[in-house]
Amino acid sequence: MSTSNPGGTTRGKDTTVPETKASPLLSVEGLHVAYGRRKVVHDVGFTLARGGSLALIGESGSGKSTIAKAVLRLLQPAEATVDGSVRLAGTEVLSLAERQFRPLRGRQLGFIPQDPGSALNPVRSIGAQAHEAAALAGERDAAARRRMILEVFDQVGLPDPVRVYDSYPHQLSGGMLQRVLIALTVLPRPSLIVADEPTSALDVTVQKLILDLLGDLRKELDIGLLLITHDLAIAAERADTLVVLKDGAVHEQGPSAHVFAAPRTAYARDLQADVPALNPDRYRSQRPGGPRDELLDGTTADATTAERPAQIAVTKVTKSFRTRGKEVRAVDGVSFAVERGRTHALVGESGSGKTTAVRLLLGLEQPDSGSITVGGHATAGLSRAGLRDVRRHLQLVYQNPFTSLDPTWRVGRIIREPLDRFGVGSTADRADRVRDALQSVGLPADVVDRRPAQLSGGQRQRVAIARALVVRPDVVVLDEPTSALDVSVQAGILELLARLQRDLGLTYVFVSHNLALVRQVADTVSVLRRGQVVEHGTVDQVFDRPQHPYTRALLDAIPGTSGLALPAVAEASPEHDNIQKLAEAAL
Amino acid sequence: MTSGYGRFALARAGQAAVVVLLAYVLTFLVISVLPGDAITNSLRDPQSGLSEADIQRIVQYYGLDQPVLVQLALSLGRFLTGELGFSLQSNLPVAQIVGDALPSTLTLASTALAIAVVFAIGIAYGAHYAPPRWAGVLRSIPSFFLSVPNFVIGLVLIELFAFRLHAFTTTDPNSATATLFAAVTLAIPVSAPLAEVLIASLDHESRQEYALVARSRGLAETQLFARHLVKPSALPSVAMVALIMGELLGGSVITETIFGRDGIGTVVQKAVTGEDQPVLQAVVSLSAVVFVAVNLAADLLTPLLDPRVNVREEANA
């Protein structure tokens with residue numbers, strides 16, 4: 001159908017159901033959506049009670065965002081055909097003319113988008129845009145609207161509402177912008193809010209605050225929530241009902257605690273197994289080395305170098321930048337050491353200095369003071385040629401495989417590039433090594449002729465790993481290597497990394513904001529905050545006995561680990577094992 | 001913010017002045033390395049009717065018996081004090097020749113710019129909001145406009161409106177109607193890149209998440225266009241307007257010739273054929289000044305339209 005041409009292909013099943021208290025807030029039946037000839041949503045149905053919450057969960061391509069947009073009627077009629085029935089408080093909305101539907105927008109149906117950074121017009125002030133939302137509440141007087149706006153900004157916990165009102169979007173942090181968007185959405189008191197991955201662009205601690213805020217406001221104002229997420233743990237924690245989607249169809253649905261603790265379908269079980277917070281020891285058996293407690297405390301560089309030379313030693317490194325006349329210490333006296341064949345994690349939120357630390361390690365920036373040695377060689381103060389030599393043993397796998405591969409190059413050339421740069425071997429040797437690298441990352445040999453656009457996200461990240469491995473480095477820096485990928489793909493990449501480390505004796509520096517993931521893959525960890533290491537130690541030490549309040553806050557923010565109400569029936573059921581894991585994961 | 005903007009504006013104005021001076025020096029050097037001694041050729045031309053004393057005076061004035069660098073210093077010094085010298089052909093002050101021709105060209109160019117902006121906005125709005133079939137047609141218009149040379153457009157307009165419909169006469173090329181048609185001729189190819197940029201940025205902006213969110217807030221398409229899309233879409237167009245000034249200046253030479261108007265175009269044409277170096281130098285420098293001034297205006301306008309542009313960082317750049 002087309003949202004502006006309801007007479008066309010829409011088959012609204014029943015448009016004349018009178019609004020009664022008995023009808024659910026939202027009921028979706030037999031929903032089909034197609035983009036051109038490609039069908040992306042098949043026969044989806046679910047209901048949401050007044051004031052209730054329901055989570056649509058699935059990986060990319062599962063159609064979850066498309067369903068949200070279909071409910072909101074935000075799909076462009078030229079691009080998508082929508083079929084089926086969507087009833088809001090008993091009123092069929094798909095067949096309404098846009099003119100009749102528009103009064104419902106904002107007033108009945110609120111929308112919180114995924115990326116707060118792009119959800120506000122960058123060239124208009126927050127206040128100017130807030131007036132649009134305030135106008136929906138029926139207030140005509142501009143001064144009264146301003147009062148309402150400042151009040152709701154205060155309600156969502158924005159400090160200094162007047163300053164926020166006068167700001168432009170780029171002057172606020174992501175967390176503050178998402179608060180602004182929540183404020184604007186709840187301002188006209190809608191009966192239903194559709195939130196499309198509302199926190200996936202935010203830091204973990206901010207994510208928790210935003211989700212808490214949304215939950216409190218919902219209770220206070222009796223607003224129903226349709227939550228779209230790829231994160232099973234968030235969904236289970238924040239919604240009463242879960243709907244698991246795969247390839248555009250409903251795979252499993254039911255009360256959250258049931259679906260989460262005792263998934264019935266294989267797919268839901270896989271999704272659950274891939275949530276890092278629930279399976280902290282998943283890759284332990286595949287990794288080299290024995291129990292982690294036997295490891296030397298790899299954090300004080302001097303102590304370890306005396307006995308076993310560390311593969312990487314970073315000692316009291318400091319780096320400052322000047323921005324807008326202010327001096328910012330991006331990295332402030334950071335020290336850590338990593339033994340050969342081990343994985344060290346740098347954990348922190350945005351602004352913690354982890355990116356700068358990686359750039360220093362790779363020799364892309366020079367430290368103001370302190371020393372960095374890799375394999376016994378200092379990287380600071382090296383000439384270009386010296387740096388080249390170090391880099392051969394030090395490779396980077398970048399965060400986003402969708403942007404880190406040149407889209408015009410074929411995979412073979414991408415992987416061969418470092419060999420060409422370092423002038424390794426003959427042409428035939430290089431071709432052999434490219435083939436070996438592809439094989440070791442589990443890609444078929446024929447991908448050498450393909451371009452990145454023809455590969456999936458997981459395959460692209462495998463290409464990036466192959467490119468790093470082809471020069472046979474000793475150290476690989478993994479900068480959020482899975483944060484752009486789906487959980488099931490992430491699991492595959494992590495397994496691959498663990499196997500490569502065991503087979504090749506690689507040393508990893510693993511940069512992440514995701515503590516649950518770090519627990520799965522790292523031996524030792526440094527927690528960074530505002531450029532300083534606030535806590536370090538083995539993973540077990542830091543996770544089981546966190547000393548610093550910031551580490552504790554980070555651990556608490558891992559979704560799926562804080563007091564999820566489990567159904568009483570499950571306790572004595574065969575799913576006891578899962579419950580046990582949940583309890584453990586709750587730390 | 002204000003003092004930051006002041007410093008930014010000063011820095012940009014300074015850069016603009018440097019560009020104008022460099023353009024002047026470059027033009028001078030290019031003309032002086034051209035084969036043949038241009039000035040002496042036209043002075044010695046028996047048809048110029050200059051006496052030996054006149055010639056000596058002119059040679060003295062321009063320092064023609066001295067090295068090129070001295071000539072440059074002499075000429076640049078005069079340019080900085082606003083003195084443009086004398087034409088070698090007519091012996092009239094260059095300032096007077098250019099001053100007489102300028103108003104006609106400025107009228108033509110500014111009318112053309114206004115028409116081009118209106119065309120571009122109309123095409124872009126239509127391409128975005130017209131029914132799909134018409135939108136497709138409108139989208140192909142810019143490349144059509146771009147591919148027709150403007151002398152063809154001019155000749156067609158003259159044939160149609162002057163000779164067939166008698167909307168204007170070619171004997172009075174400075175009448176308002178004739179000026180309008182000349183401006184349309186000039187505006188059509190100039191509007192094409194502007195329309196393309198506008199269409200592309202409207203497409204881009206309307207796909208942004210904030211447009212989706214604004215729509216979810218119940219804004220109608222016209223409100224969305226006026227409140228949310230116009231300003232961000234205009235940003236790249238402002239830079240584009242500055243760039244198409246070059247095309248306007250170049251195009252006006254051809255257009256003036258076709259419509260038989262007297263203007264800078266005619267002056268340039270005569271100066272080139274007569275190797276009239278001082279006039280050429282003045283016209284090229286003047287074009288550089290206009291071009292740089294318009295770009296400076298665009299630069300100064302951008303931070304006012306786009307709050308994201310950090311003037312302090314820009315000023316240091």
Side-chain angles (χ1 to χ4, degrees), chain A residues 3-4 68-69 71-79 98-99 101-125 128-136 166-171 177 181 184-185 187-188 190 193-194 196 201 322-325, chain B residues 1 3-4 7-8 127-136 139 201 203-238 301-317:
Chain A
T3 41
S4 66
K69 292 208 179 94
V71 169
L72 293 161
R73 291 197 21 171
L74 285 176
L75 292 168
Q76 289 296 313
E79 289 163 8
E98 179 62 25
R99 203 161 33 81
F101 182 71
R102 200 174 300 133
L104 299 179
R105 288 190 190 276
R107 294 194 182 93
Q108 289 297 312
L109 251 170
F111 173 47
I112 299 174
Q114 175 163 15
D115 179 5
S118 61
L120 288 162
N121 193 326
V123 299
R124 299 181 69 209
S125 72
Q129 302 183 59
H131 275 277
E132 285 170 7
L136 294 176
D166 291 328
S167 297
Y168 285 94
H170 70 281
Q171 293 166 325
L177 287 177
L181 284 162
L184 299 192
T185 309
L187 183 58
I193 289 178
V194 178
D196 187 359
R322 281 196 156 275
T323 44
R324 302 189 187 182
Chain B
M1 176 79 190
S3 76
R7 226 180 312 152
F8 161 75
H128 215 71
Y129 291 104
R133 191 147 37 108
W134 291 110
R139 266 165 203 272
S201 45
D203 282 352
H204 176 77
E205 296 299 333
S206 66
R207 271 197 310 267
Q208 294 303 298
E209 200 162 44
Y210 72 78
L212 202 70
V213 173
R215 233 176 251 138
S216 84
R217 241 180 252 140
L219 261 64
E221 288 298 326
T222 44
Q223 288 173 310
L224 185 71
F225 178 78
R227 289 197 207 158
H228 281 276
L229 302 182
V230 166
K231 203 170 154 192
S233 309
L235 286 170
S237 319
V238 168
L301 196 61
T302 305
L304 302 181
L305 284 176
D306 190 344
R308 289 166 298 181
V309 174
N310 187 330
V311 289
R312 228 169 283 170
E313 276 171 22
E314 290 274 314
N316 296 333

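Chain identifiers are assigned alphabetically (A, B, ...) following the order of the sequence lines, protein sequences preceding nucleic acid strands; residue numbering begins at 1 within each chain.
Taking CZ of B:Arg139 as the reference point, atom CH2 of B:Trp134 lies at 15.5 Å (rounded to 0.5 Å). Separation of atoms CG (A:Leu136) and CZ (A:Arg102) is listed at 11.5 Å; rounding is to 0.5 Å.
The salt bridge (Lys or Arg N to Asp or Glu O under 4.0 Å) test applied to A:Asp166 returns no partner, not counting sequence neighbours. A:Gln108 is linked by a side-chain contact (heavy atoms from CB on, under 4.5 Å) to A:Leu88, A:Leu104, A:Ser191, counting only residues two or more places apart in sequence or in another chain. With sequence neighbours excluded, no residue satisfies side-chain hydrogen bond (donor to acceptor under 3.5 Å, both in side chains) with A:Ser167.
With respect to chain B, the highest number of heavy-atom pairs below 4.5 Å among A:Gln171, A:Arg99, A:Arg107, A:Arg124 belongs to A:Arg124. Ranked by non-hydrogen atom pairs under 4.5 Å with chain B, the options A:Ala133, A:Pro122, A:Pro169, A:Gly106 are led by A:Pro122.
Residues of residues 220-228 of chain B that come closer than 4.5 Å to chain A, counting heavy atoms only, are B:Ala220, B:Arg227, B:His228, ordered by residue number.
Proximity to chain A (any heavy atom under 4.5 Å) is restricted, for B:Leu235, to the side chain, taken from C-beta onward.
Using a cut-off of 4.0 Å between Lys/Arg side-chain N and Asp/Glu carboxylate O, A:Lys69 and A:Glu79 are scored as not salt-bridged.
At least one side-chain heavy atom of A:Leu184 sits less than 4.5 Å from a side-chain heavy atom of B:Arg217.
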